[in-house]
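Numbering of residues begins at 1 and proceeds along the displayed sequence.
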Amino acid sequence: AVFSADGMRVLTASQDRTARVWDAMAGRPPSALKGHTARVTCVDFNAEGRRIVTASEDGTARVWNTLTRKPVVILKGHTAQVGCAAFAPDGRLILTTSVDKSARLWDAKSGELRWTLKGHTAEVLCGSFSLDGLSAVTAGADHTARVWDVLTGKPRCVLQGHGHWVVRALFCLDGRRILTASHDKTARLWDTETGKPVLSLLGHTQAISHASISADGRRILTGSQDNTARLWDLQTGKSLAVLHGHSAAVTCTSFSPDA
């Protein structure tokens, strides 16, 4: 689930083959985005909130008009399930990742394929853009994350060191560090220039399922199969709080835009 940039709407993905847009304040019945023929795995708003992208196990991603709830573009080309889709900060490009071991960069308006990012040796699980939109990072079941030049589609560096699937990879706001989360029970911060780890976030006792960074760039929130979420200081890697209460795995985390 993700918030729109203004914090007024929440976008969710479901196994019922739909995505839904919820009013975060009024709690009115949600609007459903219908068209995928299999589970919707990931959703994202563009910065203006006028477009939505959805990824699905039907092998496609779709771009939707937020107001009409109608599809604008269908992104076809992956040969297996699409697990992640994300807009670039300026909304002009979309990054998708797939079980087919590739990530792809698309023109968000025309749906034209710009680059196929090849290098992972197993399923690509997640991807995101740097704040300036010039770089992308992908996370894979090959235990690595990879940094890419968006303008050329060429690899910049490989982040190696995790002992299991890397399920999440995000640029920090300063663009100089990348956060990764892994099923090896750790999250890590990496230097984007050297590709070397800077900090390891230790405390979860089972696989980490998800991670997010607060809008002010000061906090990290991780969710784990140990049934907890943890709040961390991004600068020091110190654990600030352990959130107990769930009776099963915490599979998704998110900060509100004003956090």
Side-chain angles (χ1 to χ4, degrees), residues 1-4 7 9-33 36 38-45 54-57 81-86 97 99 122-123 125-128 139-141 143 145 162-170 179-189 199-215 218-234 236-259:
V2 294
F3 280 96
S4 59
R9 288 164 294 175
V10 176
L11 183 59
T12 58
S14 175
Q15 294 184 17
D16 67 7
R17 299 178 291 182
T18 73
R20 293 178 186 254
V21 184
W22 307 76
D23 188 313
M25 307 303 291
R28 287 190 290 267
S31 301
L33 308 181
H36 283 294
R39 173 190 175 195
V40 179
T41 54
C42 184
V43 290
D44 194 25
F45 284 106
T54 56
S56 172
E57 290 183 352
Q81 298 100 314
V82 181
C84 180
T97 67
V99 175
E123 174 181 353
L125 300 168
C126 182
S128 63
H143 304 184
H162 280 295
H164 210 299
W165 291 5
V166 182
V167 296
R168 189 77 164 148
L170 299 165
L179 170 68
T180 58
S182 171
H183 278 190
D184 68 5
K185 309 176 190 177
T186 73
R188 300 186 184 202
L189 286 164
L199 284 173
S200 292
L201 310 183
L202 306 175
H204 283 294
T205 58
Q206 295 294 331
I208 297 179
S209 308
H210 203 265
S212 53
I213 298 173
S214 62
R218 299 173 58 190
R219 300 287 185 263
I220 293 167
L221 185 62
T222 54
S224 170
Q225 293 179 21
D226 65 10
N227 304 354
T228 71
R230 288 181 178 246
L231 186 67
W232 313 79
D233 185 291
L234 188 145
T236 65
K238 180 182 178 181
S239 178
L240 301 175
V242 181
L243 309 180
H244 295 278
H246 286 290
S247 57
V250 180
T251 58
C252 186
T253 63
S254 183
F255 286 95
S256 65
D258 59 355

Between [atom1] on residue [X] and [atom2] on residue [Y], distance to nearest 0.5 Å:
{"X": "L33", "Y": "T54", "atom1": "CG", "atom2": "OG1", "value": "7.0 Å"}
{"X": "K185", "Y": "H164", "atom1": "NZ", "atom2": "NE2", "value": "10.0 Å"}
{"X": "Q225", "Y": "T251", "atom1": "CD", "atom2": "OG1", "value": "9.5 Å"}
{"X": "L125", "Y": "W165", "atom1": "CG", "atom2": "CH2", "value": "6.5 Å"}
{"X": "S14", "Y": "R20", "atom1": "OG", "atom2": "CZ", "value": "7.0 Å"}

Taking ring-ring contact (aromatic ring centres under 6.0 Å, His included) as the test, write out the residues that go with H246, two or more places apart.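 Scan of H246 (ring-ring contact (aromatic ring centres under 6.0 Å, His included), adjacent residues dropped) gives none.
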
Return the set of residues passing ring-ring contact (aromatic ring centres under 6.0 Å, His included) with H210 (not counting sequence neighbours), or none when no residue passes.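 ring-ring contact (aromatic ring centres under 6.0 Å, His included) check on H210 returns nothing, list empty.
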
Using side chain to side chain contact (heavy atoms under 4.5 Å, CB included) as the criterion, list what pairs up with [X], not counting sequence neighbours.
{"X": "V10", "value": "A1, F3, T12, W22, A24"}
{"X": "A139", "value": "C126, V166, A169"}
{"X": "L199", "value": "L189"}

Taking salt bridge (Lys or Arg N to Asp or Glu O under 4.0 Å) as the definition, give me every residue that meets it alongside R219, ordered by chain and number, with sequence neighbours left out.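 Checked R219 against salt bridge (Lys or Arg N to Asp or Glu O under 4.0 Å); matches are D233.
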
The criterion is salt bridge (Lys or Arg N to Asp or Glu O under 4.0 Å); which residues satisfy it with R17, sequence neighbours excluded?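 Result, salt bridge (Lys or Arg N to Asp or Glu O under 4.0 Å) vs R17: none returned.
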
What are the two closest heavy atoms between [X] and [Y], and how far apart are they?
{"X": "A85", "Y": "A55", "value": "CB-CB, 3.9 Å"}
{"X": "T253", "Y": "G223", "value": "CG2-N, 3.4 Å"}
{"X": "D44", "Y": "A86", "value": "OD2-CA, 3.5 Å"}
{"X": "A187", "Y": "L179", "value": "CB-CD1, 4.2 Å"}
{"X": "V43", "Y": "A13", "value": "CG1-CB, 3.8 Å"}
{"X": "A19", "Y": "L11", "value": "CB-CD1, 4.4 Å"}

Can you name the side-chain hydrogen bond (donor to acceptor under 3.5 Å, both in side chains) partners of [X], sequence neighbours left out?
{"X": "S209", "result": "none"}
{"X": "S254", "result": "none"}
{"X": "S214", "result": "D216"}
{"X": "E57", "result": "R39"}

For the pair R168 (side chain) and A211 (backbone), establish whether a donor and an acceptor sit closer than 3.5 Å, ignoring hydrogens and angles.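 Between the backbone of A211 and the side chain of R168 there is a qualifying donor-acceptor contact (under 3.5 Å).
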
Side-chain (T97) to main-chain (G83) donor-acceptor, under 3.5 angstrom: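 It does not hold such a pair.
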
Between L234 and R218, is a side chain to side chain contact (heavy atoms under 4.5 Å, CB included) present by the stated rule, with each step listed? CA-CA 5 Å; L234 188 145; R218 299 173 58 190; 5.7 Å; no

Is the shortest side-chain heavy-atom distance between L221 and L243 below 4.5 Å?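 They are in contact (side-chain heavy atoms under 4.5 Å apart), so the answer is yes.
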
Side-chain donor/acceptor pairs under 3.5 Å, residues 200-208, sequence neighbours excluded:
from	atom 1	to	atom 2	distance (Å)
H204	ND1	D226	OD1	3.4
H204	ND1	D226	OD2	3.0
H204	NE2	T222	OG1	2.7

Apply side chain to side chain contact (heavy atoms under 4.5 Å, CB included) to residues Q81 and T41 and explain how you reach the verdict. CA-CA 9 Å; Q81 298 100 314; T41 54; over 6 Å; no

